[in-house]
**Student:** 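Sharing a structure below in structure tokens format, with a few things to ask.
Within every chain, numbering begins at 1; the chains are lettered A, B, ... in the order of the sequence lines, protein sequences first and strands thereafter.
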Amino acid sequence: MHVVCLGLSHKNAPVELREKFAIGDAHIGETAVQIAREPEIGEAVIVSTCNRVEYYVASENAAAALAVLTQRVGDSTAFQKLHGAESIRHLFRVVSGLESMVLGETEILGQVKKAYLTAQTAGATARHLNKLFQRAFNVAKEVRTKTSITRGAVSVGSAAVDLAEKIFGKLDHCNVMILGAGETAEMTARALQSRGAKAIFVSNRTYERAHSLAELLGGRAIHFDAWEREFDSLDIVIGSTGAPHAVVSRDKIEPLMQRRADRPLFCIDLAVPRDFEAGVNDLDGVYLYDIDALQSIADASMQVRRAELTRCEEMIERHVAEFSEWLATPRPTMPMKTQTEDGK
Amino acid sequence: MERWFLNASTLCFLVGFAYTMFALGAGVARPSRWNFLVMLTGFICQTEYLHQRGEIVGRCPVTNLFEVLVFLSWSVVLLYFVVGGSYRLSLLGTFTAPLVFLIQTLAQLLPSASLPAVRKVSAGFWAELHAAVSLMAYGAFALACVAGVMFLVQERLLKRRQLGSVFQNLPPIATLVAATQRVMLAGFILFTLGLVGGFFAGSARTAIVMMAVSVWLPYGFILILRQTHRYSSRRFAWLSVVAFIVALTSLGALSFLHLNQ
């Protein structure tokens with residue numbers, strides 16, 4: 001039995017091409033069954049995400065299976081054709097995040113799990129692909145737990161969110177204030193919201209701009225000269241104004257901090273020139289990170305991830321060899337789970 | 001034979017600490033279930049030692065300063081398992097292990113450590129309960145101190161932007177403050193119960209009562225001021241460390257006075 005993979009990804013196809021071949025969630029199971037029922041193919045799983053469209057099939061005849069797949073998807077030079085150990089290795093790399101746009105990201109594992117479950121539920125998989133995907137999930141788990149490939153934040157926004165969680169634990173009780181209305185501040189606020197931040201306030205010199213951003217984020221706009229009045233309820237302040245000087249000085253913050261002795265304040269300064277005076281970080285309970293500090297965290301995390309690549313590949317190689325050996329062992333064929341007429 | 005279990009537990013705490021420090025230094029692994037298993041093995045050995053020692057002396061084994069310190073170490077580890085719940089797999093074990101190792105090593109260096117265990121007359125139910133509960137309170141204070149140290153380390157790393165593997169593996173500072181407060185409160189309640197048990201046990205010398213109150217009062221003040229938000233988390237963490245050093249010093253004096261009463 002051979003495992004064959006036909007696919008395209010962000011590495012070899014632009015978004016215009018990827019969206020042309022993408023398959024909607026509603027059709028994935030049905031399409032996988034149709035492919036699995038082709039005489040040259042026994043089992044099929046389709047992974048379709050914004051970054052990749054990949055067909056994994058199990059067949060006794062790899063060349064014939066590839067021909068059937070190529071004919072089905074239409075001839076495209078962007079499609080990568082893999083078989084044998086290459087296709088197994090590719091799947092293991094994909095689920096481990098080594099083929100992702102952001103090295104080591106973990107979202108792909110959930111997407112592949114979902115794709116596999118859809119195919120399995122539809123009856124498009126049997127012994128070989130079941131075993132392959134279960135092994136792939138184990139490989140991903142091993143790679144993630146035994147190496148640092150997923151460690152650390154690799155963007156300014158996620159670095160800020162990670163730091164916020166290291167200060168407050170869960171963010172569901174945290175109120176966030178955005179000073180200014182910069183794009184990075186908006187992205188950071190969104191990242192904080194996605195981790196459960198309670199409320200977002202937006203304060204900008206132009207109230208209308210603050211209002212529209214607040215509306216976009218489901219928060220509340222505040223007049224720029226009134227933001228200090230909200231200070232007692234704030235946990236995170238994001239600075240992104242275009243002011244030519246510091247908007248938040250140590251002298252301004254110090255008396256305000258005394259009113260909230262045991263509540264920390266996380267200041268994220270994304271503005272250039274900076275919105276926060278550097279001395280703010282010296283205050284008890286205040287943690288200030290500017291854009292350079294956050295960027296260097298992201299860069300350092302990416303470096304750590306890159307340094308782990310070889311270890312990850314060694315782990316994957318071991319599993320590829322083991323699985324290839326299992327696949328090469330002759331065993332009696334098992335009938336694929338077939339669907340009844342009513343679809344059950 | 002019972003001493004073998006004590007040595008084994010001391011070794012476990014040393015190994016657990018050394019392994020985690022190595023792993024963190026190398027940056028290749030996180031503190032894992034392995035640390036938990038080492039701590040658990042150490043705890044089982046400690047428990048067996050105290051059990052055998054208790055059988056020999058015929059009462060709760062807190063009859064000299066050596067036994068008091070071993071019982072204190074056992075309480076620290078017990079509370080680490082009971083209260084540490086969610087932090088068990090984090091670095092709390094790493095920070096607890098060296099403290100327990102130090103206390104047990106110190107205990108074994110005491111002159112009373114070389115004295116053979118002999119059967120003693122029971123001090124009575126209330127007196128033994130008072131001693132055991134009070135020592136468990138000291139264990140809680142020790143754990144609050146450990147969580148306080150962890151807070152100070154994490155806070156310093158955050159301020160200095162040194163976000164290495166120690167930082168990554170330490171819990172959030174808010175969690176550490178909450179843990180310090182919770183464990184200190186548990187210790188305070190236990191210490192209060194121990195004091196009540198002491199009164200039931202009979203007449204203690206004024207010096208002993210004064211010494212006990214000198215531990216009880218500061219912890220009470222620290223907790224009240226904390227509840228009323230009078231000072232920062234950083235100051236609270238420092239106080240948990242200072243208060244424990246004071247408490248540990250007074251424990252030596254208390255044990256001396258008690259055992260000579």
**Student:** State which residues pass salt bridge (Lys or Arg N to Asp or Glu O under 4.0 Å) with A:R306; sequence neighbours excluded, sorted by chain then number.
**Tutor:** none
**Student:** Looking at B:E155 and A:G285, what are the two nearest heavy atoms and their distance?
**Tutor:** OE2-N, 4.3 Å
**Student:** Measure the CD1-OH distance between B:I173 and A:Y287 for me, rounded to the nearest 0.5 Å.
**Tutor:** 3.5 Å
**Student:** With a 4.5 angstrom heavy-atom cut-off, is it the side chain or the backbone of B:L158 that approaches chain A, or both, or neither?
**Tutor:** both
**Student:** A:L294 versus chain B, heavy atoms under 4.5 Å apart: side chain, backbone, both or neither?
**Tutor:** neither
**Student:** Does atom CD (A:E183) have a neighbourhood of more than 12 heavy atoms from anything else shown, all under 6.0 Å?
**Tutor:** no
**Student:** Would one find more than 12 heavy atoms of other residues, nucleotides or ligands at under 6.0 Å from atom CZ of A:R318?
**Tutor:** yes
**Student:** Which region of A:D162, side chain (C-beta onward) or backbone (N, CA, C, O), has a non-hydrogen atom less than 4.5 Å from a non-hydrogen atom of chain B, or is it both or neither?
**Tutor:** neither
**Student:** Does B:R161, at its CZ atom, have more than 12 non-hydrogen atoms belonging to other residues, nucleotides or ligands within less than 6.0 Å?
**Tutor:** yes
**Student:** If you take all heavy atoms of A:D284 and B:S232, which pair is closest and at what distance?
**Tutor:** OD2-OG, 2.8 Å
**Student:** More than 12 heavy atoms of other residues, nucleotides or ligands under 6.0 Å from CZ of A:R274: is that the case?
**Tutor:** no
**Student:** With a cut-off of 6.0 Å (strictly less than), are more than 12 heavy atoms of other residues, nucleotides or ligands near CD of A:Q134?
**Tutor:** yes
**Student:** At their closest point, which heavy atom of A:Y289 faces which heavy atom of B:L163, and how far apart are they?
**Tutor:** OH-CD2, 3.7 Å
**Student:** Can you name the ring-ring contact (aromatic ring centres under 6.0 Å, His included) partners of A:F323, sequence neighbours left out?
**Tutor:** A:W326
**Student:** If you count heavy atoms of other groups shown closer than 6.0 angstrom to CE of A:M302, is the number above 12?
**Tutor:** yes
**Student:** Measure distances from B:Q154 to the heavy atoms of chain A and classify the residue's part below 4.5 Å as side chain, backbone, both or neither.
**Tutor:** side chain
**Student:** Not counting sequence neighbours, which residues clear side chain to side chain donor-acceptor pair (under 3.5 Å) with B:W216? List them please.
**Tutor:** B:T192
**Student:** Can any side-chain N or O of A:N281 pair as donor or acceptor with the backbone N or O of B:K159 at less than 3.5 Å?
**Tutor:** yes
**Student:** Residue by residue, which of residues 230-256 of chain A have a heavy atom closer than 4.5 Å to a heavy atom belonging to chain B?
**Tutor:** none
**Student:** Please classify the contact of A:L288 with chain B as side chain, backbone, both or neither, using a heavy-atom distance under 4.5 Å.
**Tutor:** both
**Student:** Counting only heavy atoms closer than 4.5 Å, note whether B:F167 contacts chain A via side chain, backbone, both or neither.
**Tutor:** both
**Student:** Got a sec: does the CD of A:Q295 have more than 12 other heavy atoms crowding it under 6.0 Å?
**Tutor:** yes
